Amino acid sequence: MHRVLIVGSRGSDLALRQSNWVKLELERQLPNREIRLEIIKTRGDKILDTPLSKIGGKGLFTKEIDLALYEKRIDLAVHSLKDIPTQTPEGLTIGAITKREDVQDVFIKHPEKNHASLASLSRGAVIATGSLRRKCQLLHFRSDLVIENLRGNVPSRIQKLDASDWDGIVLAKAGLDRLERSDRITEVLSTDIILPPVGQGALGLEIRSDDDEVFEYVSRVNDAETEIGTRAERALLHHLQGGCQVPIGAYGRIVNDVLRLDAMVGSLDGTHVIRGTVQGKSEEAESMAVKLAETLLQSGGEKILKEIRGTEAIEIPYA
């Protein structure tokens, strides 16, 4: 009798949409295998009234699910790749990375206001976001904006916007697309304005390192180009020792058979943003990422990171 495959997932609408998509893809590949979902609530889901940057956060959205993997209550976990620490816990590994959705962030205006774009907002306009990366790049683009904190899942963030007097919010396009809420998008923001976080738009399937059977199953939904691009992004983030307290953005992708990686490090107030680009062979993804990380550090990124951390000795956890 075949073993039942149990897929662990957070319980938000978006997480369930993502996990059900993975479940269907696996069922297409394994038509005779029973696959079930197991919903697990994480610390990040429980604390909704505090900015992510203040919670701290190594594995903020993954720790409880990791425990379920260790205890063999689930066989694989579906995460937004951006939530998986750059160093997975001992005994666990990313078995597959799915084909990436659109990596861009989007501006969503208040329904009763007539804004057409970020650039057209009046001086002192209020934008809400829970991301220091977004806050930094928004203020770098428009230093006159007022940034409010925003937490919660995608539907609740939209509800908070509608009930507020804010001018708009910024969210990931991939989440809106997956939830079929793209009708609310006012403007898709160029990566020249806002670089995404590491892994945005991709799903990471986490498994036990020694589970060869499940690795073989999940490898069938792995997307090679997405894996290469996000591997470069994650290597850069790891080298910078970045996390939710540090505004870092990165975007790796294959363009005409060449791997291109763009990245940024910025100050919390957006006054200083250091950006860089590197291109090379796909098999050199990690070394390219380290090279770009060093360039960012030497170009002013190291000073920015030291100021954010307070002292060199403080390690910033990834979330």
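The structure displayed is predicted, hence computed values, not measured ones.
Among residues two or more places apart in sequence or in another chain, the side-chain contact (heavy atoms from CB on, under 4.5 Å) test is passed with Ala224 by none. The side-chain hydrogen bond (donor to acceptor under 3.5 Å, both in side chains) check on Ser182 picks up Asp177, with sequence neighbours excluded. Legend: residues meeting salt bridge (Lys or Arg N to Asp or Glu O under 4.0 Å) with Glu112, ordered by chain and number and at least two apart, are absent. Considering only residues two or more places apart in sequence or on other chains, Asp210 meets the salt bridge (Lys or Arg N to Asp or Glu O under 4.0 Å) condition with none of them. With sequence neighbours excluded, the residues satisfying salt bridge (Lys or Arg N to Asp or Glu O under 4.0 Å) with Asp162 are Arg184. Residues satisfying the side-chain contact (heavy atoms from CB on, under 4.5 Å) test with Lys113, not counting sequence neighbours, are His110, His115, Asp167. Evaluation of the side-chain hydrogen bond (donor to acceptor under 3.5 Å, both in side chains) rule for Glu187 yields no partner, not counting sequence neighbours. For Arg220, the side-chain contact (heavy atoms from CB on, under 4.5 Å) partners are Gln29, Leu30, Glu216, Tyr217, not counting sequence neighbours. Applying the side-chain contact (heavy atoms from CB on, under 4.5 Å) test to Ala116 and every residue at least two apart in sequence or in another chain returns Ser120. For Arg208, the salt bridge (Lys or Arg N to Asp or Glu O under 4.0 Å) test picks out Asp75, Asp211, with sequence neighbours left out.
In terms of heavy-atom proximity, Val218 sits nearest to Leu26 at CA-CD2, 4.3 Å.
Here the side chain of Ser299 pairs a donor or acceptor atom with the backbone of Thr295 at under 3.5 angstrom. With Arg253 contributing its side chain and Tyr251 its backbone, the two residues share a donor-acceptor pair below 3.5 Å. Thr191 places no side-chain N or O within donor-acceptor distance of the main-chain N or O of Leu195, the cut-off being under 3.5 Å. A donor-acceptor contact shorter than 3.5 Å links the side chain of Ser12 to the backbone of Ala15. A distance-only check finds a donor-acceptor pair linking the side chain of Ser164 to the backbone of Leu161 [under 3.5 Å]. Side-chain atoms of Arg142 do not come within 3.5 Å of backbone N or O of Gly124 as any donor-acceptor pair.
Side-chain N/O atoms of Asn153 and Ser156 include a donor and acceptor closer than 3.5 Å. A donor atom on one side chain and an acceptor atom on the other are found under 3.5 Å apart for Thr277 and Asp262.
Identified under the salt bridge (Lys or Arg N to Asp or Glu O under 4.0 Å) test for residues 95-111, with sequence neighbours left out: Arg100-Glu233, Asp102-Lys173, Asp105-Arg133, Asp105-Arg134. Residue pairs satisfying the side chain to side chain donor-acceptor pair (under 3.5 Å) criterion with at least one member in residues 278-293, sequence neighbours excluded, are listed as follows: Arg231-Glu286.
Salt-bridge formation is not detected for the pair Lys135/Asp269: no Lys NZ or Arg NE/NH1/NH2 atom is positioned less than 4.0 Å from an Asp or Glu carboxylate oxygen. Salt-bridge annotation for Lys23 and Glu25: absent, with no side-chain N of the basic residue lying under 4.0 Å from a carboxylate O of the acidic one.
Few gaps surround CG on Asp183; more than 12 heavy atoms of other groups in view lie less than 6.0 Å from it. Summarising the local packing, NE2 of His238 is surrounded by 12 or fewer heavy atoms from other residues, nucleotides or ligands at distances under 6.0 Å. Remark: Asp144 CG is packed, more than 12 non-hydrogen atoms of other residues, nucleotides or ligands lying under 6.0 Å away. Heavy-atom neighbours of Phe141 CZ from other residues, nucleotides or ligands within 6.0 Å: above the threshold of 12.
A single hydrophobic cluster is seen to contain both Leu261 and Val198, as judged by linkage of ILVMFWY side chains at heavy-atom distances under 4.5 Å, directly or through other members.
Only one option out of Val290, Val278, Thr86, Leu292 pairs with Leu236 in a side-chain contact (heavy atoms from CB on, under 4.5 Å); it is Leu292.
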